[in-house]
S.K.: 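Submitted below is the structure of interest, expressed as structure tokens.
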Amino acid sequence: MVQAESQVFALVDVNNFYVSCERAFNPGLRGKPVVVLSNNDGCAVARSSEVKALGVAMGAPWFMLKDLAKQHGIIALSSNYTLYGDMSNRVMEILRTFSPNVEVYSIDESFVSLNGMDAMWQQRAQLGQKIRKQVLQWTALPVCVGISTSKTLAKMANHIAKKQPRFQGVCDLTSLAPADVDTILAGIDVGEVWGVGRRISEKLRAMGINTVQDLRTASPKGLRQHFGVVMERTCEELRGVSCMGLQEVAPARQEIISSKSFGELVFEFSELEEAVSQYMTRAAEKLRGQQSYCNSVNVFIHTDPFRLKDRQYSRSITVPMQDPSNDTRDLVRAAIMGLKRIYRPGYKYKKAGVVLMGLSRESTKQGTLFEESWNMQTSAAVMGALDALNKRFGRDTVKIASAASSARWTAKFENKTPHYTTDWGQLPTAFAR
DNA sequence: TCTGGGGTCCTAGGACCC
DNA sequence: TCTGGGGTCCTAGGACCC
């Protein structure tokens, strides 16, 4: 009898990523308090450990830190995302030499599958150390490694590896005695759990759930009642039951956003028009990069909510495309059309942006073809697709969410887990054209 | 004149993540 | 004076359609 093999994930995360990148190229910054600032040098988006120790929060506005900075000699750098992206790729390539199964989760962290690699716990921790050494040697970036049987626990292990020096940067929860794991998790605030933010941790605390261990031993079904299916899954994951697989190929984005705050307040339509055209050009490049077409364009503008004395204005609008398109000119035209509808003179605008929505892989031509057959056999096709999907996934678990606007059926599971989509060509032949 | 239920799309906003 | 940008998922109300 073959035992179902349990999953093992490592989460590899670069410490203070942006700051570490800067230090890799300027060793003079090592050991000094350093922050990297956002666009327009607005907020601190990365902090060295020295700066974190001073109590500077992520996203703290730089102008509020000026005094503290002077006092402690904090060095502030403008961000250089090209550099960070390049360094990120180098780290991920190194990780792929350790395991073929890597999910790049964000610019500075990856999940690495250790399934079937090393059954011996000593070797797992050693493997973690080997990864650290290799990355440091080849990129000069420090990383920590967390290892466990679910992604949520691997994230937690990574947190422990960072905070508790005795682990020396690698925490393998699978090698610890269960009682030790309980003790460690009982000492960590529930807000540190992946997926538990400020508001949810407040609610949890009101229910007497204060630590990670409290959450872990709470009833998953009870949590579902209060917080929904996502929280239930988090709880199961904390118990070591893997509910989230490795996503090795990044799925195509469902939306593409391009937006930016202005360095100076903007009044005129023409200025907004120029900004929106520019953002759309960038968004359209990303759209073509993932080989998608877009069927509607959202534009938004708003004033500065921090200027309490100013009259505030915030609007957005969605403009449908005549046909799904990835042509910059079409998309810019639609965006400007929307902008004209929502622009009001007399306000001090601080931010504008565009969102590409309704993304699909289908070209215009296929969409048109589909609509012809759609018109002829609407109800039979819908019922057929529904039946086929319900047979496949169980009675009444699937409903058709939308079908008319593209050449693609989209079905949604009732429990709101990820979309299942199928192309016309995959439907049972009885219902195909 | 009174009354309905199903559905989609849009706008807006909240919560979370990095 | 000075407060990021890019994502996902979820909810709710109103307009509009049949």
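Per chain, numbering begins at 1; letters A, B, ... match sequence-line order. Values below: all heavy atoms of this structure, side chains included; hydrogens, waters and symmetry mates excluded.
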S.K.: Ignoring backbone atoms, establish whether A:Lys350 has a side-chain N or O less than 4.0 Å from OP1 or OP2 of C:dC2.
M.R.: no
S.K.: Is there a donor-acceptor pair under 3.5 Å between the side chain of A:Asn326 and the backbone N or O of A:Arg288?
M.R.: no
S.K.: Figure out the CE/C1' separation between A:Met231 and C:dC9, and round it to whole Å.
M.R.: 15 Å
S.K.: Do A:Asp67 and A:Lys70 sit within salt-bridge range, that is, some charged N less than 4.0 Å from a carboxylate O?
M.R.: no
S.K.: Encode nucleotides 11-18 of chain B as B, S and - characters from 5' to 3', where the letter depends on protein heavy atoms closer than 4.0 Å: B to the base, S only to sugar-phosphate, - to neither.
M.R.: SS--SSSS
S.K.: Quickly work out the A:Asp310 CG to C:dT3 P distance and round it to whole Å.
M.R.: 12 Å
S.K.: Does the cation-pi check pass for A:Lys351 over A:Phe262, that is, NZ or CZ under 6.0 Å from the six-membered ring centre and within 45° of its axis?
M.R.: no
S.K.: How many Å lie between CD on A:Gln290 and C1' on C:dG7, as a whole number?
M.R.: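 Checked: the CD to C1' distance equals 12 Å.
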S.K.: Check whether A:Asp172 reaches the backbone of A:Ser148 with its side chain - one donor and one acceptor, N or O, closer than 3.5 Å.
M.R.: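 No, the answer is negative, given that no donor and acceptor are paired below the 3.5 Å cut-off.
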S.K.: Rounded off to whole Å, could you give me the CD-to-P distance for the A:Glu232 and C:dC10 pair?
M.R.: 14 Å
S.K.: Between residues 59-83 of chain A and DNA chain C, which residues have a heavy-atom gap below 4.0 Å?
M.R.: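 Of all residues in residues 59-83 of chain A, the ones placing a heavy atom under 4.0 Å from DNA chain C are A:Pro61, A:Phe63.
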S.K.: Do A:Lys151 and A:Glu103 meet the salt-bridge criterion of a basic N to acidic O distance under 4.0 Å?
M.R.: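 Yes.
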S.K.: Between A:Gly263 and A:Ala252, name the one whose nearest nucleotide on DNA chain C is closer to the 5' end.
M.R.: A:Gly263
S.K.: When you measure from the side chain of A:Asn40 to the backbone N and O of A:Gly42, does any donor-acceptor pair fall under 3.5 Å?
M.R.: no
S.K.: So what stems show up for DNA chain B if we need 3 or more Watson-Crick or G-U pairs in a row, all under 3.5 Å?
M.R.: B:5-18 with C:5-18
S.K.: Could you go through residues 203-212 of chain A and list every donor-acceptor pair under 3.5 Å that involves a side-chain atom there, pairing it with any protein atom two or more places apart or in another chain?
M.R.:
{"unit_1": "A:Arg205", "atom_1": "NH1", "unit_2": "A:Asp189", "atom_2": "OD1", "d": "3.2"}
{"unit_1": "A:Arg205", "atom_1": "NH1", "unit_2": "A:Asp189", "atom_2": "OD2", "d": "3.0"}
{"unit_1": "A:Arg205", "atom_1": "NH2", "unit_2": "A:Ser201", "atom_2": "OG", "d": "3.4"}
{"unit_1": "A:Thr211", "atom_1": "OG1", "unit_2": "A:Gln213", "atom_2": "N", "d": "3.3"}
{"unit_1": "A:Thr211", "atom_1": "OG1", "unit_2": "A:Asp214", "atom_2": "N", "d": "3.0"}
{"unit_1": "A:Thr211", "atom_1": "OG1", "unit_2": "A:Asp214", "atom_2": "OD1", "d": "3.4"}
{"unit_1": "A:Thr211", "atom_1": "OG1", "unit_2": "A:Asp214", "atom_2": "OD2", "d": "3.4"}

S.K.: Report the distance from atom NZ of A:Lys309 to atom P of C:dT3, rounded to the nearest whole Å.
M.R.: 16 Å
S.K.: Applying a 4.0 Å non-hydrogen cut-off, can you work out what A:Lys203 is touching in the nucleic acid: base, sugar-phosphate, or nothing?
M.R.: nothing
S.K.: Can you confirm whether the side chains of A:Thr303 and A:Gln312 place a donor and an acceptor under 3.5 Å from each other?
M.R.: yes
S.K.: In terms of side-chain geometry, is the basic nitrogen of A:Glu202 or A:Arg198 positioned less than 4.0 Å from the acidic oxygen of its partner?
M.R.: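 Looking at A:Arg198 together with A:Glu202, the answer is yes, because their closest N to O distance falls below 4.0 Å.
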S.K.: Look at the side chain of A:Asp304 and the backbone N and O of A:Lys348, then say whether any donor-acceptor pair between them is shorter than 3.5 Å.
M.R.: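 No: the side chain of A:Asp304 does not pair with the backbone of A:Lys348.
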S.K.: Using heavy atoms and a sub-4.0 Å distance, could you list which residues of residues 35-58 of chain A are near DNA chain B? By number, please.
M.R.: none
S.K.: State plainly whether the residues A:Glu93 and A:Arg96 are in salt-bridge range, i.e. N to O under 4.0 Å.
M.R.: yes
S.K.: Using whole Å, report how far NZ of A:Lys348 lies from P of C:dC2.
M.R.: 10 Å
S.K.: Taking NZ, NE, NH1 and NH2 as the nitrogens, is one of them in A:Asp310 or A:Arg307 under 4.0 Å from a carboxylate oxygen of the other?
M.R.: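 Yes, this pair counts.
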S.K.: Between A:Glu50 and A:Arg23, does any side-chain N to carboxylate O distance fall below 4.0 Å?
M.R.: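 Salt bridge present between A:Glu50 and A:Arg23.
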S.K.: Quick one, which residues of residues 19-26 of chain A touch DNA chain B with a heavy atom under 4.0 Å?
M.R.: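 Heavy-atom contacts with DNA chain B come from no residue of residues 19-26 of chain A; none.
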S.K.: Please check the phosphate of C:dG5 (OP1 and OP2 only) for any side-chain N or O of A:Ser258 closer than 4.0 Å.
M.R.: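 Answer is no, no contact under 4.0 Å.
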S.K.: Grab the NZ-C1' distance between A:Lys351 and C:dC2 for me, whole Å please.
M.R.: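 About 16 Å, once rounded to whole Å.
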S.K.: So, A:Phe9 versus A:Trp194, ring centres under 6.0 angstrom or not?
M.R.: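 When the ring centroids of A:Phe9 and A:Trp194 are compared, they turn out to be at least 6.0 Å apart.
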S.K.: A:Arg239 side chain to A:Arg216 main-chain N or O, any donor-acceptor pair under 3.5 Å?
M.R.: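 Answer holds: yes.
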S.K.: Between atom CG in A:Leu265 and atom P in C:dT1, what is the gap in whole Å?
M.R.: 12 Å
S.K.: For B:dG4 versus C:dC16, give the span between their C1' atoms, rounded off to a whole number of Å.
M.R.: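 It works out to 16 Å between them.
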S.K.: Please name the pair of heavy atoms, one in A:Leu215 and one in A:Cys235, separated by the smallest distance, quoted to 0.1 Å.
M.R.: O-SG, 3.4 Å
S.K.: Would you please indicate if the ring centroids of A:Tyr347 and A:Phe267 are separated by under 6.0 Å?
M.R.: no
